[in-house]
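All values reported here derive from a predicted model rather than from experimental measurement. Whatever order the structure lists them in is the order used to number ligands and atoms, beginning at 1. Values reported hereafter were calculated over all heavy atoms of this structure, with side chains retained and with hydrogens, waters and symmetry mates removed.
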Amino acid sequence: MHTTSDKKLIEVCYTPGQYPLYEGKFDLVVVIDVLRATSAITTALHYGVEKIIPVGTVEEARAFKAKGYITAAERDGQVVEGFDFGNSPYAFMDEKMKGKTVVLTTTNGTRAIQLAASKCTVVMGCLNNLDFLCQWLIERHENTLVLASGWKDKVNLEDTICGGAIANTLLETRRFRSNEDSTVAAKFIYRSAREHLLSFLRASSHRRRLIQLNIQQDVKYCLTLNTVPCIPVLKDGVLVRLDYHPVNTEYAIKTPFSSHSN
Ligand code: 3SL
């Protein structure tokens, strides 16, 4: 039995613009950008990219490129002219990327990562690492904020569902609590969506945006659950793979989603 005072906070912040309302009150921030930044970063580190340097602007990325770094830049879903590639998870699955350092800037995701970069622990979440991440978050048992990247400071559905899934899973352990209606709403949106994730997300604005760019393969990949047991963590401004090998099977996490979701 856990008393309220033992319980740690889990809250969901919908956009980087709202982050100042939560800043400084949490030990750990999980940045989410399901389509596609945190899915791409998690995939990259899982497939062997050694480090990712997230930068906020295309100009910063250009400065790294001039110094010889491999650089990836995405704006409005497209690869920015002059860069090696953009934000597709598939770009990072290449054998040639193993052991490499990549500099990355994206429309919303890298901005959220930079905002969160502070004294607290910052990790990346997505649907691809959902259960592995939840297991680690439960073991860590710290005051946790999910920071959704949204789209240009507007709420988006896919990050809200992923944030709601994390909150729901942590709250069900009864070792976490939440105070905010944003968390309650994200949890209920996830519960309404989990039986038919793809049809629910068919309505999402960003999915429609990406489909117009003809990158359905990326969208399908990013909406697939539990494909990469990897948690990217920010260390001195650089994203690396967290050294986590679960030993505690007490919380063998299985976040409920219908098998038809995939
Ligand atoms: O906004 C971002 O950070 C991107 O992930 C957007 S996109 O999926 O590349 O369009």
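- Residue contacts with ligand 1 for Arg36 involve both N, CA, C or O and side-chain atoms from C-beta outward (heavy atoms, distance under 4.0 Å).
- Those atoms of ligand 1 with a heavy atom of Gly109 less than 4.0 angstrom away are 1 (O), 2 (C), 3 (O).
- Those atoms of ligand 1 that come under 4.0 Å of a heavy atom in Thr107, given as number and element, are 1 (O), 2 (C), 3 (O).
- The pair Arg140-Asp27 fails the salt-bridge criterion, with no side-chain N (NZ, NE, NH1 or NH2) lying under 4.0 Å from an Asp/Glu carboxylate O.
- Residue Pro232 is tested with Leu133, Val240, Asn129 for a side-chain contact (heavy atoms from CB on, under 4.5 Å); the sole match is Asn129.
- Checked by distance only, ligand 1 and Asn108 come closer than 3.5 Å through their nitrogen or oxygen atoms.
- Residue Ala37 has at least one heavy-atom neighbour below 4.0 Å for each of these atoms of ligand 1: 3 (O), 5 (O).
- If you check which protein heavy atom lies closest to atom 6 (C) of ligand 1, you get Glu74 OE2, 3.4 Å.
- The protein non-hydrogen atom at the shortest distance from atom 5 (O) of ligand 1 is Asn87 ND2, 2.7 Å.
- Residue Asp33 touches ligand 1 through its side chain alone, judged by heavy-atom distances below 4.0 Å.
- Remark: ligand 1 and Thr106 share an N or O pair separated by less than 3.5 Å (distance only, no angle test).
- Judged by a 6.0 Å distance limit and a 45° cone about the ring axis, Lys25 is not positioned over the six-membered ring of Tyr22.
- Taking a cutoff of 4.0 Å between a charged side-chain nitrogen and a carboxylate oxygen, Lys152 and Asp76 qualify as a salt bridge.
- Residues His46 and Phe92 place their aromatic rings such that the two centres sit no closer than 6.0 Å.
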Stepwise, does the side chain to side chain donor-acceptor pair (under 3.5 Å) test hold for Arg62 with Thr57? CA-CA 9 Å; Arg62 278 212 179 91; Thr57 66; over 6 Å; no

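- Not one N or O of Trp151 is nearer than 3.5 Å to an N or O of ligand 1, by distance alone.
- A salt bridge does not link Arg111 with Asp33: none of the charged nitrogens is closer than 4.0 Å to a carboxylate oxygen.
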